[in-house]
Amino acid sequence: MELLFPLLLVFLVGMMFLSIRRQKKASAEAKTMQESLQVGVRVQTTSGVYGTVTGLAEGTVDIEIADGFVSRWNRLAIREVVHSEDLADSYPGVGLIGDDVEIEYNGIHDDDDDLGGSSDGDDTSISLEKPHEDQDKA
């Protein structure tokens, strides 16, 4: 019984050491990635925003989030570089709406050809109608 406490103490200290080592390694990798950013690289920020690096400064990065919309971020806010095979994941909804999909929003059908809708009566449709809930609920 006297041997159990020192063994438990050694085990806990060992686990703490491994945990701290793992955190330092991850922090060093993130710092290396943030320092090696280049213009034109697609990145994800810690808040989940995807964009393309358009400018670099000492401690900041300019990211183009949408066409013509550039915002400035701290380099520490860059979570990861998005590789080309992961680009589809950084554009939610890509591939969801194709040429053969009919879009309906609150009962209004998209019959315009330039918007990608079709009116040939196929089964593929997306409804964007919001559910109606009682206004009296509090």
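Count residues from 1 along the sequence.
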Of all heavy-atom pairs between Met33 and Arg79, which one has the smallest distance, and what is that distance? CE-O, 3.4 Å

Quick check: does any side chain N or O of Thr32 sit under 3.5 Å from a backbone N or O of Ala28, one acting as donor and the other as acceptor? yes

Hey, what do you get for CZ (Arg21) to CZ (Phe17), rounding to the nearest 0.5 Å? 6.0 Å

What is the distance from atom CG of Leu9 to atom CG of Leu4, rounded to the nearest 0.5 Å? 11.0 Å

Decide whether Phe69 and Ile63 are clustered together by the hydrophobic rule: side chain heavy atoms of Ile, Leu, Val, Met, Phe, Trp, Tyr closer than 4.5 Å, transitively. yes

Could you measure the distance from the CD atom of Glu64 to the OG1 atom of Thr54? Nearest 0.5 Å is fine. 6.5 Å

I need the minimum non-hydrogen distance between Val39 and Leu56, along with the two atoms involved. N-CD1, 4.2 Å

Distance check, rounded to the nearest 0.5 Å: Glu80 atom CD versus Thr46 atom OG1? 11.0 Å

Do Leu37 and Ile65 share a hydrophobic cluster, counting only Ile, Leu, Val, Met, Phe, Trp and Tyr and linking them when any side-chain heavy atoms are less than 4.5 Å apart? yes

Kindly compute the distance separating CG (Asp62) from CH2 (Trp73), expressed to the nearest 0.5 Å. 12.0 Å

Non-hydrogen side-chain atoms of Gln34 and Leu76 separated by less than 4.5 Å: yes

